[in-house]
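Everything quoted here is computed from the prediction, not taken from an experiment. Residue numbering restarts at 1 for every chain, and letters A, B, ... go by the order of the sequence lines.
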2 protein chains.
Amino acid sequence: MIQTPPPCIPSELLESTAFLLGRMGIKLKKRVMEDLEAAGFSPWDFGVLALVADRACETQATIADGLGLDRSQLVGMLDGLEERGLIERKRDPRDRRRHTVTATGDGKRQLSRIRTIVKRVEDEFLAPLDAESREQLHALLVQVAQYHDPRFSPAEQALAAAV
Amino acid sequence: MIQTPPPCIPSELLESTAFLLGRMGIKLKKRVMEDLEAAGFSPWDFGVLALVADRACETQATIADGLGLDRSQLVGMLDGLEERGLIERKRDPRDRRRHTVTATGDGKRQLSRIRTIVKRVEDEFLAPLDAESREQLHALLVQVAQYHDPRFSPAEQALAAAV
DNA sequence: TATTGTTATACTCTATAACTATA
DNA sequence: TATAGTTATAGAGTATAACAATA
């Protein structure tokens with residue numbers, strides 16, 4: 001057997017924050033999704049349930065826009081959540097084109113299960129960082145997120161700005 | 001027209017480092033890929049060229065393992081790079097099953113073009129962070145990456161460990 | 001028999017456009 | 001005419017298994 005160098009990442013990529021951020025983000029998302037799917041959830045259940053449980057009177061358009069996915073994509077996800085009894089779709093009587101989406105009691109319960117799973121995966125993933133480092137990381141990510149996307153600004157702020 | 005709340009992300013997701021890291025990582029990767037494709041490169045060209053230019057005598061297996069992709073996936077990418085004259089495949093005379101992959105002169109030149117593009121996108125993406133914050137972010141990501149994956153440890157370390 | 005590179009296949013995710021019913 | 005939701009379709013990306021050449 002002929003020796004080859006051990007597989008490793010070129011130093012150039014290690015020095016690229018872009019490369020690392022992309023890699024780690026995708027890896028973490030993959031882990032979260034694996035654990036959620038193992039528990040019977042689909043990838044977007046967290047986002048949709050969190051959004052619907054958080055705010056009353058969502059329409060499918062605002063949910064899709066809020067999460068940054070296509071309206072046509074959302075349909076299938078809501079179908080799944082509705083079949084499992086986690087959300088309800090009702091026609092908006094004021095505008096019969098619209099569907100008002102709300103979380104059921106069981107939907108809220110399952111959301112809290114999802115929360116636990118995501119938190120656990122996050123803890124495992126960020127294991128090498130102490131509490132202070134984690135807060136640092138979180139704060140940096142929030143800064144970047146808010147810079148690029150107004151949706152990442154807290155709701156109160158957005159509402160205040162709208163007034 | 002009936003008012004609906006402005007689209008925004010539920011506070012629960014904003015507070016989740018996992019959610020933010022996943023989102024930002026994917027968004028950044030998407031931007032890098034868009035700019036690379038606009039310049040005529042395919043998504044994995046950066047990783048492959050950086051790996052091949054960095055180290056001599058790579059085989060397809062070590063490239064795939066190093067970048068964490070499947071060997072069958074790598075074939076098409078190398079085909080593309082070879083057609084464009086950026087890499088060369090040669091049979092390893094010591095083990096004729098193996099292909100030794102090297103970067104051509106033009107491959108190295110194009111790699112430096114890619115570097116510039118990635119750096120520019122990264123700068124734009126991390127615009128809200130000052131130099132110190134960027135270093136912090138980078139250091140935190142390195143810590144996490146190395147914790148999960150030995151490939152992210154610098155080559156010298158890996159070689160030293162192998163001795 | 002095991003390994004390297006290759007090909008073929010299928011499956012998921014996503015992006016796009018068309019369709020309906022309401023406005 | 002424009003909008004909300006839906007459906008259908010096509011494409012990229014990825015994962016898996018089978019294959020030929022070589023060890």
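For the pair B:D70 CG and C:dT3 P, the interatomic distance rounds to 16 Å; values are reported in whole Å. One atom, CZ of A:R91, and another, P of C:dT20, lie 15 Å apart when rounded to the nearest Å. Counting to the nearest Å, the C1' atom of C:dC13 and the CD1 atom of B:I26 are 11 Å from each other. The distance between atom CD of A:Q73 and atom P of C:dA15, rounded to the nearest whole Å, is 6 Å. Atom-to-atom, CG of B:L74 to C1' of C:dT4 comes out at 12 Å; the value is rounded to the nearest Å. For the pair A:R94 CZ and C:dT22 P, the computed distance is 17 Å after rounding to whole Å. Residue A:R71 contributes atom CZ, which lies 15 Å from atom C1' of C:dT16 at whole-angstrom precision. Rounded to an integer number of Å, the gap from CG of B:D65 to P of C:dT3 is 13 Å.
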For B:D123 and B:R134: C-alpha separation, side-chain torsions, deciding distance, then whether side chain to side chain contact (heavy atoms under 4.5 Å, CB included) applies. CA-CA 10 Å; B:D123 275 344; B:R134 290 184 201 197; 3.0 Å; yes

Residue pair A:R91, A:R98: steps toward the side chain to side chain contact (heavy atoms under 4.5 Å, CB included) verdict: CA-CA 6 Å; A:R91 279 213 176 277; A:R98 289 180 174 170; over 6 Å; no

Kindly determine whether B:R109 and B:D106 satisfy salt bridge (charged side-chain N to carboxylate O under 4.0 Å, His left out), including the steps that lead there. CA-CA 5 Å; B:R109 268 189 297 282; B:D106 195 36; 3.5 Å; yes

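First and last contacts of DNA chain D with chain B, using any nucleotide atom under 4.0 Å from a protein heavy atom and ordered 5' to 3', fall at D:dG13 to D:dA23.
The neighbour count for B:E135 CD, taken as heavy atoms of other residues, nucleotides or ligands under 6.0 Å away, does not exceed 12.
Looking at A:D35 and A:R120, a side-chain N of the basic residue comes within less than 4.0 Å of a carboxylate O on the acidic one, giving a salt bridge. The pair B:E124-B:R31 does not meet the salt-bridge criterion, since no charged nitrogen lies less than 4.0 angstrom from a carboxylate oxygen.
Looking at B:L126, B:L20, B:L129 one by one, the single match for side chain to side chain contact (heavy atoms under 4.5 Å, CB included) with A:L140 turns out to be B:L129.
Residue order along DNA chain C, read from the 5' end via each residue's closest nucleotide, puts A:W44 first among A:W44 and A:P93.
Between the side chains of A:D65 and A:T62, not a single donor N or O lies within less than 3.5 Å of an accepting N or O.
The base of C:dT16 is paired with the side chain of A:S72 by a donor and an acceptor separated by under 3.5 Å. Remark: the B:R97 side chain and the C:dT3 base include a donor-acceptor N/O pair separated by less than 3.5 Å.
Clustering ILVMFWY residues whenever any of their side-chain heavy atoms sit less than 4.5 angstrom apart, transitively, puts A:L69 in the very cluster that holds B:L13.
Side chain of A:P43, nearest nucleotide from C:dC13, C:dT14, C:dT4: C:dC13.
Here A:R89 lies in heavy-atom contact (under 4.0 Å) with sugar-phosphate atoms only. At the heavy-atom level, A:R96 lies under 4.0 Å from the strands shown only through sugar-phosphate atoms.
Each end of the helix from C:dT1-D:dA23 to C:dA23-D:dT1 gets its own axis, taken as the rotation carrying the C1' atoms of four end pairs onto the next four within a five-pair window, and the two axes meet at 20° to the nearest 10 degrees.
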